[in-house]
*Asks:* 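Shown below is the structure under consideration.
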Amino acid sequence: MSTAAMTAPISAPREDKSGFTRDRAVWGAIMLAPYVLVFAVMVVYPVAYGLWLGLNWNSYRALFADPIFIRTVVNTIIFLFVAVNLKFLIALLLSGFFVQQRAWIRIVLVLFILPWAVPSIPTILSFRVMLNPENGMVNQQLFQWFGVMEGPGWLTDPTLAFVCSIFVHIWKSLPFWTLILITGRLAIAQDLYEAASVDGANRWQQFRFITWPSLATLYVTSTMLSMIWTLGDFNSVYLLTGGGPGDLNHVLATLGIRYMRNNNLDLGIASIIVAMPLILPMVFVMVKRLSKGAEA
Amino acid sequence: MKKVLDEGKLILIAIPVLIWTLLPIYHLFVLSISNQESMLAGKLWPDQPTLQNFQIVFKQQHYYLHNFWLQMFNSFFIAVATGLITLFVATFAAFAIARLKVKGGRTIMNLALATYLIPAAFLAIPMYKAMGSYGLLNTQASLILAMVALASPYAIWVLKQASDKLPKELDEAAVMDGATSLQLFRLVYLPLMKPSMVVIGIYALLLAWNEYLYAFLLLSSEKAVPLAVGLGLFLSADDAPWNLLMAAGLLYAIPPAVIYYGFRKNMVGGLTSGAVKS
């Protein structure tokens, strides 16, 4: 009798629970469905179709025969290496500046994030006009201040134009990464620094033994994410130079789109598939890192 | 004395940083209030600042700006639709993965994250092709769908992280009281997730408002394109009226800048926060 009385109230919620589990599975599937549909239609099918088109061996032969392509691969590697490392070096230094507790520095920070907050098209086109070799503001001012009759051909000289597009890319993406590194620095316990300065550690030693070890993981994760995004940056190159002068300054992102706009989809697909050996390992590592982050 | 020296050093860093950051934006502003003549002279400040460019833009009195207001409206419509649909798709998915623990949910989230990590310009090419086979090219639906697909992975990821922070006991208590999954969603989950949902909705909205590449690929009719593409048309002109472009560009850039500043604190960090913690 007493056992029955004890089990009865326990078994009732147990039934509820299994009922709920079924309800849960059904609604879980229904609620996940919209995303799965978007994912299938917009990502899985296009990527699978792209890979299938990418099996066409002839397009790679045509690709490697195109002199612009080899130049583009070299450009892309230089762009990635210089832009990402330079950006993170500057972001690392600037994050040290911005964590200083001053009211006026907070105001500087608010202005500093503007490039990140505004859309690319007006600002990059503003660069383009400003750097115009003939009547752009930069060369006109060089003439007025320093009497330079013929200022540098910022966008007409191939090397300079390439350097400029790297700078525009950094201009646009620097604020975001600086903010990330500021967040990282603010997470470091302040008493570590206090203890270190009591022990007589100088600025460099504090950076070397406290800041850097605490920031290293974040720095590496961010660098990798930034590499992937930099590889996909079309705007900085296209809006500033259009890949020119003379198609000398394309990166894979702009070249792929250029092929496609010229109705040469196979070459467009091939030109992005050649980057896969670089991208896939990074995507794999990043997904692992990020899903671990989501777990924590 | 040392303090003054320190402050001096900081100011020496601040000045070049500000010049570097603000120069192109200042230049954008200067051109927008310059007439053709002082624009071509590359002046630091126009001789006779004028609001005439804005007047021309407002009244659509230039060949390139005939559809300015329509394109502004298109930008607005595409951004709001992207924001709302992303919110709908991502909130449901995050609830199913984080709270209902639906089977395969984690795998789907990881696959979604992988999408987020495909370089944007690379995904654009096969997506364009797919839009062609769906017969959606040159419709705004194609751009909205593309933007939802690009915004959802991050949105789900952020919402999943926020959901995990909600106490499990809430769900358990509700289930004990006999709540169904739907009631759990409506009465427990939604009210608690509101702040994260606002951030995600705005993130998706801004992503769509600022997008250029996908818009430029997927839409071509002058009446259907958002303002970003409308402004990009100036690129094809031999002697483009850059001052008009800059005036229109300024109007296009102000709304997202205002929104960013309003939500600045919530917009950073997300993806790398896992790395900050470890």
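Throughout, protein chains are lettered first and strands after them, A, B, ... in sequence-line order, and every chain is numbered starting at 1. Given the structure is predicted, the values throughout are model-derived calculations rather than measurements.
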*Asks:* Go through the atoms of Ile228(A) and report whether side chain, backbone, both or neither lie under 4.5 Å from a heavy atom of chain B.
*Replies:*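 Both backbone and side chain.
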*Asks:* Answer with side chain, backbone, both or neither: which region of Val258(B) has an atom nearer than 4.5 Å to a non-hydrogen atom of chain A?
*Replies:*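 When you check distances to chain A, no heavy atom of Val258(B) falls under 4.5 Å.
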*Asks:* Run the ring pair (Phe, Tyr, Trp, His ring centres under 6.0 Å) check on Trp229(A) and Tyr116(B) step by step: do they pass?
*Replies:* CA-CA 10 Å; Trp229(A) 288 348; Tyr116(B) 185 65; 5.7 Å; yes
*Asks:* What part of Ser133(B) gets closer than 4.5 Å to chain A, counting heavy atoms only: side chain, backbone, both or neither?
*Replies:*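 Contact with chain A involves the side chain of Ser133(B) alone.
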*Asks:* Is it the backbone or the side chain of Met127(B) that comes under 4.5 Å from a heavy atom of chain A, or both, or neither?
*Replies:*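 Answer is both: backbone and side chain atoms of Met127(B) are under 4.5 Å from chain A.
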*Asks:* Could you walk me through whether Asp23(A) and Ser181(B) pass side-chain hydrogen bond (donor to acceptor under 3.5 Å, both in side chains), step by step?
*Replies:* CA-CA 6 Å; Asp23(A) 182 68; Ser181(B) 299; 2.7 Å; yes
*Asks:* Where on Val43(A) is there a heavy atom nearer than 4.5 Å to chain B: the side chain, the backbone, both, or neither?
*Replies:*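 It is the side chain, since no backbone atom gets that close.
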*Asks:* Out of Phe39(A), Phe284(A), Tyr49(A), Phe97(A), return the one with the most heavy atom pairs under 4.5 angstrom to chain B.
*Replies:*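 Of the options given, most contacts go to Phe97(A).
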*Asks:* I need the Arg258(A) CZ to Leu267(A) CG distance, nearest 0.5 Å.
*Replies:*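 Separation between the atoms: 10.0 Å.
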*Asks:* Which bit of Lys9(B) comes within less than 4.5 Å of chain A, counting heavy atoms only: side chain, backbone, both or neither?
*Replies:*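 No part of it gets close to chain A.
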*Asks:* Name the residue from Phe127(A), Trp116(A), Phe176(A) that meets the ring pair (Phe, Tyr, Trp, His ring centres under 6.0 Å) definition with Trp171(A).
*Replies:*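 That would be Phe127(A).
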*Asks:* Pick one of side chain, backbone, both or neither for Met260(A), based on which atoms fall under 4.5 Å of a heavy atom in chain B.
*Replies:*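 When you check distances to chain B, only side chain atoms of Met260(A) fall under 4.5 Å.
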*Asks:* Please look at Phe216(B) and chain A and tell me whether the side chain, the backbone, both or neither of the residue comes under 4.5 angstrom of a heavy atom of that chain.
*Replies:*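 Both parts, backbone and side chain.
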*Asks:* With a 4.5 angstrom heavy-atom cut-off, which part of Ile97(B) approaches chain A: side chain, backbone, both or neither?
*Replies:*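 Contact with chain A is through the side chain of Ile97(B) alone.
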